S.K.: 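Questions regarding the structure given below will be posed in turn.
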Amino acid sequence: MAKTFPAAHLRQTVAAIVAAAGSERAEAQTVADNLVLANLSGHDSHGVGMVPRYIDAVLEGGLKPNTGIAVKLDGVSLLALDGQRGYGQVVGEQAMTLAVARAEASGSCVMALANAHHLGRIGHFAEMAVARGLVAIHFVNVQSRPVVAPWGGGDGRYGTNPFCVGIPLQGREPFVLDFATSRVAQGKMRVAHNEGRRVEPGYLIDEKGQPTTDPGVVVVPQPGGMFGALMAFGEHKGYGMAVACELLGGALSGSGTWHRPADNQRAVINGMLAILVNPEQLGTQASFAQEALAFVDWLKQSPGDVLLAGEPERKARQTRAHEGITLDDQTWAEIVAAGAKLGARVA
Ligand code: NAD
């Protein structure tokens with residue numbers, strides 16, 4: 001069973017719960033807007049279904065409401081920032097606002113953001129940069145539970161480490177490639193598990209390292225309290241990219257890497273290395289504008305239905321803005337229960 005809600009209703013509901021967990025009104029609204037936009041964009045794994053986890057993380061002390069970035073190093077086009085375990089939706093926007101201003105002023109910016117709580121959909125931050133005509137590349141690591149198996153390995157050793165690149169296209173909608181380096185996002189396994197669905201072969205191994213189609217192996221503890229693991233996308237190549245995300249988003253950012261057994265902490269900590277380039281100042285603007293469009297048009301002329309990254313999300317936004325956002329009963333029940341823990345009534 002499932003319920004469909006208008007986006008505005010979910011925004012109000014989530015903002016009320018986040019505020020009940022101690023956030024000031026503006027922060028609660030930013031978190032709510034961000035999560036609902038992820039649902040509208042078709043990524044339910046990074047939408048309002050995250051709220052129960054965020055509330056648990058606040059109650060455990062791993063997520064700190066009303067906490068902004070601290071500037072650790074300001075080298076004009078080099079920024080090292082610390083999210084101090086504040087809401088990723090808030091510290092991520094603060095960090096990107098600073099980085100965008102630097103790239104606009106000096107042509108580029110390398111920004112390291114450590115210790116953000118869950119940044120959610122990384123494409124959101126690339127969209128902030130491309131809206132200003134900038135190219136943005138993001139390497140992100142995840143410290144929560146080691147849920148992805150290294151290529152050739154048999155248990156989870158690292159997170160779903162997302163990679164994202166946003167590229168403005170003159171006079172057109174931008175290219176926004178944004179994905180987890182696991183074959184599928186962990187949150188999509190939670191959604192599939194809540195809906196009682198099996199997933200395709202090749203996505204998962206169980207707690208014994210054997211292939212399985214049961215998403216529950218990465219959502220609920222298996223016999224002996226063990227978990228299964230997600231596989232990397234693209235075999236050794238996706239695995240290598242995930243390692244690059246851990247080394248750049250985790251180690252180089254100052255956030256830290258995962259190298260310990262799983263614990264039961266509810267907080268999800270993201271580290272991000274963002275590289276922003278202003279094409280206008282690189283001296284290749286004319287070629288960039290023309291050649292990029294020529295290439296995109298060339299792709300689109302291929303027989304069949306060719307999409308460019310970013311299009312599926314924009315299409316989903318149009319549809320869901322009209323038709324509403326559908327949540328399965330389990331996800332909704334968990335949101336209601338999260339509100340109840342804080343004395344917020346959710347209807
Ligand atoms: P996905 O597998 O749905 O891939 C999405 C990307 O592929 C998008 O860029 C989309 O535009 C593009 N795409 C989809 N269909 C296409 C087609 N037919 N042709 C061309 N391009 C196409 O994404 P995912 O791996 O499930 O990740 C979902 C979200 O989860 C992302 O927003 C990611 O940032 C987020 N995430 C966040 C974290 C975190 O810790 N913050 C961790 C993992 C994932």
Side-chain angles (χ1 to χ4, degrees), residues 31 34-47 49-50 53-54 57 63 83 87-93 95-96 113 115-128 130 136-148 156 158-167 169 173-192 199-200 202-203 215 218 230-234 238 241-242 245-246 249-250 253 255 258 266-274 296 299-300 302 304-317:
V31 174
N34 180 295
L35 293 177
V36 172
L37 184 58
N39 287 108
L40 286 171
S41 307
H43 292 292
D44 294 325
S45 55
H46 287 70
M50 290 302 297
R53 179 137 195 184
Y54 289 1
L63 164 54
Y87 275 99
Q89 290 77 8
V90 172
V91 296
E93 284 191 4
M96 282 302 295
L113 174 62
N115 301 314
H117 191 264
H118 192 236
L119 288 163
R121 197 178 64 86
I122 306 305
H124 180 70
F125 304 108
E127 283 161 7
M128 286 178 71
V130 295
I137 305 165
H138 305 258
F139 295 90
V140 179
N141 87 323
V142 190
Q143 299 199 59
S144 66
R145 188 149 58 80
V147 73
V148 187
Y158 62 91
T160 53
N161 295 1
F163 171 77
C164 175
V165 51
I167 304 177
L169 298 171
E173 296 287 359
F175 172 86
V176 183
L177 179 64
D178 171 29
F179 57 76
T181 49
S182 49
R183 257 203 89 174
V184 67
Q186 157 74 8
K188 288 196 172 138
M189 297 297 90
R190 171 175 47 78
V191 173
V199 299
E200 286 181 39
Y203 283 10
V218 290
L230 299 166
M231 308 286 289
F233 93 99
M241 198 156 190
C245 286
E246 193 78 19
S253 73
S255 204
W258 187 279
R266 300 290 282 162
V268 181
I269 301 301
N270 281 147
M272 175 163 77
L273 186 80
V296 167
L299 291 177
K300 290 275 185 183
S302 176
D305 187 16
V306 174
L307 297 179
L308 210 59
E311 277 184 71
E313 286 72 19
R314 290 191 289 271
K315 281 189 181 168
R317 281 176 204 168

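Quantities reported herein were computed from a predicted structural model and do not represent experimental measurements. Both counts, for ligands and for their atoms, begin at 1 and track the order of listing. Counting from 1, the numbers follow the sequence of the chain as shown.
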S.K.: What part of Val176 sits under 4.0 Å from ligand 1 if we count only heavy atoms: the side chain, the backbone, both or neither?
M.R.: backbone
S.K.: Per the side chain to side chain contact (heavy atoms under 4.5 Å, CB included) rule, which among Glu313, Arg121, His138 passes with Asp178?
M.R.: Arg121
S.K.: In terms of heavy-atom contacts, does CE of Met128 have more than 12 from other residues, nucleotides or ligands at under 6.0 Å?
M.R.: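 Enclosed: over 12 neighbouring heavy atoms sit under 6.0 Å from CE of Met128.
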S.K.: To the nearest 0.5 Å, how far apart are OG1 in Thr181 and CZ in Phe139?
M.R.: 11.0 Å
S.K.: What's the shortest heavy-atom distance between Ser253 and Gly271, and which atoms?
M.R.: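 Heavy atoms only, the tightest pair is OG-CA, 4.1 Å.
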S.K.: What protein heavy atom sits nearest atom 28 (C) of ligand 1, and how far off is it?
M.R.: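 Ranking protein heavy atoms by distance from atom 28 (C) of ligand 1, first comes His43 ND1, 3.4 Å.
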S.K.: Check whether any N or O atom of Val268, backbone or side chain, sits under 3.5 Å from an N or O atom of ligand 1, and answer yes or no.
M.R.: no
S.K.: Considering only heavy atoms, does Arg121 approach ligand 1 within less than 4.0 Å through its side chain, its backbone, both, or neither?
M.R.: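 Both backbone and side chain.
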S.K.: If you measure every N/O of Ala180 against every N/O of ligand 1, is any gap under 3.5 Å?
M.R.: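 Yes; the residue has a nitrogen or oxygen that sits under 3.5 Å from a nitrogen or oxygen of the ligand.
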S.K.: Could you report the tightest heavy-atom contact between Asn141 and Gly249, atom names first, then the distance?
M.R.: OD1-O, 3.5 Å
S.K.: May I ask you to decide whether Glu173 forms a salt bridge with Arg317, counting only side-chain N to carboxylate O separations under 4.0 Å?
M.R.: no
S.K.: Does only the side chain of Gln186 get under 4.0 Å from ligand 1, or the backbone, or both, or neither? Count heavy atoms.
M.R.: neither
S.K.: Could an N or O of ligand 1 be found under 3.5 Å from any N or O of Gly310, whether backbone or side chain?
M.R.: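 Yes - when backbone and side-chain N and O of Gly310 are compared with those of ligand 1, one distance drops under 3.5 Å.
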S.K.: Which atoms of ligand 1 sit under 4.0 Å from any heavy atom of Ala185?
M.R.: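 Numbered from 1, ligand 1 contributes 26 (O).
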S.K.: In terms of residue, atom name and distance, what is the protein heavy atom nearest to atom 43 (C) of ligand 1?
M.R.: Thr160 OG1, 3.1 Å
S.K.: Could you pull out the closest heavy-atom pair between Met96 and Ala274, with the gap in Å?
M.R.: SD-CB, 4.4 Å
S.K.: Which atom names give the shortest non-hydrogen contact between Pro312 and Leu308, and what distance separates them?
M.R.: CD-O, 3.7 Å
S.K.: With Tyr54, which of Gln89, His117, Arg266 fulfils side-chain hydrogen bond (donor to acceptor under 3.5 Å, both in side chains)?
M.R.: Gln89
S.K.: Between Tyr203 and Leu230, does a side-chain contact (heavy atoms from CB on, under 4.5 Å) hold up when you go through it step by step?
M.R.: CA-CA 6 Å; Tyr203 283 10; Leu230 299 166; 5.7 Å; no
S.K.: Tell me, which protein residue and heavy-atom name are nearest atom 16 (C) of ligand 1, and how many Å apart are they?
M.R.: Pro312 CG, 3.8 Å
S.K.: Of the choices Val165, Val142, Leu299, Asp178, which has the non-hydrogen atom that lies closest to atom 32 (O) of ligand 1?
M.R.: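 Looking at heavy atoms only, the winner is Asp178.
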S.K.: Starting from atom 40 (O) of ligand 1, which protein heavy atom do you reach first, and at what distance in Å?
M.R.: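 Ranked first by proximity to atom 40 (O) of ligand 1 is Asn270 ND2, 3.0 Å.
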S.K.: What's the shortest distance from atom 10 (C) of ligand 1 to any protein heavy atom, and which residue and atom give it?
M.R.: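 Among all protein heavy atoms, the one nearest atom 10 (C) of ligand 1 is Glu313 OE2, 3.2 Å.
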S.K.: Please confirm whether Ser182 comes within less than 3.5 Å of ligand 1 when only nitrogen or oxygen atoms on both sides are compared.
M.R.: no
S.K.: Hey, does Ser45 come in under 3.5 Å of ligand 1, counting only N/O atoms on both sides?
M.R.: no
S.K.: Check each of His117, His138, His46 against atom 38 (C) of ligand 1 and report the one with the nearest heavy atom.
M.R.: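 Going through His117, His138, His46 one by one, His46 has the nearest heavy atom to atom 38 (C) of ligand 1.
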S.K.: Is there a polar contact between ligand 1 and Ile122, counting only N or O atoms under 3.5 Å apart?
M.R.: yes
S.K.: Compare all side-chain heavy atoms of Met189 with those of Val147 and state whether any distance is below 4.5 angstrom.
M.R.: no
S.K.: Taking side chain as C-beta onward, heavy atoms only, is Phe125 less than 4.5 Å from Glu93?
M.R.: yes
S.K.: Of all the heavy atoms in Leu177, does at least one lie under 4.0 Å from an atom in ligand 1?
M.R.: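 Yes; Leu177 lies near enough to ligand 1 that a heavy-atom distance drops under 4.0 Å.
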S.K.: Side chain, backbone, both or neither: which part of Leu307 comes within less than 4.0 Å of ligand 1 when only heavy atoms are counted?
M.R.: both
S.K.: Start with the C-alpha gap between Phe175 and Val130, add the side-chain angles, then the distance that decides, and say whether side-chain contact (heavy atoms from CB on, under 4.5 Å) holds.
M.R.: CA-CA 9 Å; Phe175 172 86; Val130 295; over 6 Å; no
S.K.: Among the heavy atoms of Cys164, does any lie under 4.0 Å from an atom of ligand 1?
M.R.: no
S.K.: Which one of Lys188, Lys315, Glu311 has a non-hydrogen atom at the shortest distance from atom 24 (P) of ligand 1?
M.R.: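 Selected option, by shortest heavy-atom distance: Lys188.
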S.K.: Can you list the ligand 1 atoms lying under 4.0 Å from a non-hydrogen atom of His118?
M.R.: 39 (C), 40 (O), 41 (N)
